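Worksheet: one structure, shown below.
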Amino acid sequence: MKKIQIAVDGPASSGKSTVAKIIAQDLGLIYLDTGAMYRAATAVALRNNLKVAADIIEEIKANPISFKNTSHGQMVFLGEEDVTKLIRTNEVTNNVSWVSAIPEIRTFLVAEQQRISDEGGIIMDGRDIGTVVLPDAELKIFLVASVDERAERRYKENQAKGIPCDLDVLKSEIAERDRKDSSRAVSPLKQAEDAVLLDSTGMSIKDVVEFIERRAKELM
Ligand code: C5P
């Protein structure tokens with residue numbers, strides 16, 4: 001089977017990583033969660049109180065971002081430290097947009113993402129995968145869903161994990177992150193011209209996976 005590249009872009013909490021993980025497993029592709037890399041860079045900036053790109057990058061070089069697949073899901077590390085939970089905290093989520101808008105941080109992380117994609121067939125999810133990171137990807141999906149539905153999905157996930165949250169706060173945070181990600185100067189969230197638009201409002205995870213896999217299999 002041909003090892004293809006699949007780019008999955010879309011707004012916050014549209015289900016990109018959930019479906020990308022399943023598809024990676026089913027089709028034998030590497031899975032790369034690029035949002036986790038921007039989140040890890042944000043954790044580095046907040047923790048060390050760094051605002052300048054060069055300082056953040058230097059710190060990441062000293063403690064590189066890496067991933068490990070386990071039976072409990074994908075773990076994220078900074079150097080030897082497990083930051084899987086830290087990068088999902090509200091503090092990181094509410095600061096990631098300014099860190100990911102810094103051009104030098106993007107150049108650094110995009111180079112790393114492209115290096116990983118050289119290792120073989122890959123499915124990557126993010127905001128600029130189809131437009132910047134993998135412009136020649138065989139399959140590009142732009143996955144969207146209504147803000148209400150995305151907030152409700154996130155609310156249920158949090159409830160299942162025992163994380164207290166408020167639905168209206170989630171809605172406004174998601175809408176605000178979309179606004180910042182879509183309006184930034186460098187690599188804004190944007191559908192690539194050759195991407196397939198998939199609105200998953202009202203669709204199950206299984207339906208979304210099947211839709212993408214059907215198209216992927218035609219290209220493999
Ligand atoms: O996908 P996730 O919601 O974890 O991404 C967190 C943040 O990282 C996004 O809101 C966005 O600011 C940034 N990001 C990005 N480019 C990517 C992936 C994520 O700017 N390719």
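Because the structure is a prediction, the values reported are computed rather than measured. Atoms within each ligand, like the ligands themselves, are counted from 1 in listed order.
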Counting each atom of ligand 1 from 1 as listed, which ones have a heavy atom of [X] under 4.0 Å away?
X	answer
Ser100	11 (C), 12 (O), 13 (C), 20 (O)
Asp128	16 (N), 17 (C), 21 (N)
Arg184	12 (O), 15 (C), 16 (N), 20 (O)

Checklist entry - Is the shortest side-chain N to carboxylate O distance from Lys206 to Asp26 below 4.0 Å? => result no
Next on the checklist: Looking at Glu58 and Lys61, is any side-chain nitrogen of the basic one under 4.0 Å from a carboxylate oxygen of the acidic one?
Outcome noted: no
Item to check | Distance in Å, Thr84 OG1 paired with Gln74 CD, rounded so as to fall on 0.5 Å steps | outcome: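 If I round to the nearest 0.5 Å, the distance is 9.0 Å.
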Next on the checklist: I'd like to know if the side chain of Arg184 reaches the main chain of Ser187, judged simply by a donor and an acceptor atom lying under 3.5 Å from each other, with no hydrogens or angles considered.
Outcome noted: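 Pair found, side chain donor or acceptor close to backbone of Ser187.
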Checklist entry - Do Ile129 and Val196 belong to the same hydrophobic cluster, where Ile, Leu, Val, Met, Phe, Trp and Tyr are linked whenever their side-chain heavy atoms lie under 4.5 Å apart, directly or via other members? => result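 No, because Ile129 and Val196 fall into different hydrophobic clusters, even though each may have its own neighbours under 4.5 Å.
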Indicate yes or no: does an N/O atom of [X] lie under 3.5 Å from an N/O atom of ligand 1?
X	value
Asp33	no
Tyr38	no
Lys16	no

Item to check | With Met124, the side chain to side chain contact (heavy atoms under 4.5 Å, CB included) member among Ile116, Val133, Asp9, Ile30 | outcome: Val133
Checklist entry - Any luck finding a side-chain donor-acceptor pair between Asp207 and Ser204 under 3.5 Å? => result yes
Checklist entry - Is a side-chain donor-acceptor pair under 3.5 Å present for Arg150 with Ser200? => result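 Distance-only check fails for Ser200 and Arg150.
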Tell me: protein heavy atom nearest [atom], and distance?
atom	answer
atom 10 (O) of ligand 1	Asp181 OD2, 2.6 Å
atom 6 (C) of ligand 1	Arg177 NH1, 3.5 Å
atom 2 (P) of ligand 1	Arg127 NH2, 3.6 Å
atom 18 (C) of ligand 1	Thr34 OG1, 3.3 Å
atom 4 (O) of ligand 1	Arg39 NE, 2.7 Å

Next on the checklist: So, 4.0 Å and heavy atoms of Arg106: is ligand 1 close enough to count as a contact?
Outcome noted: yes
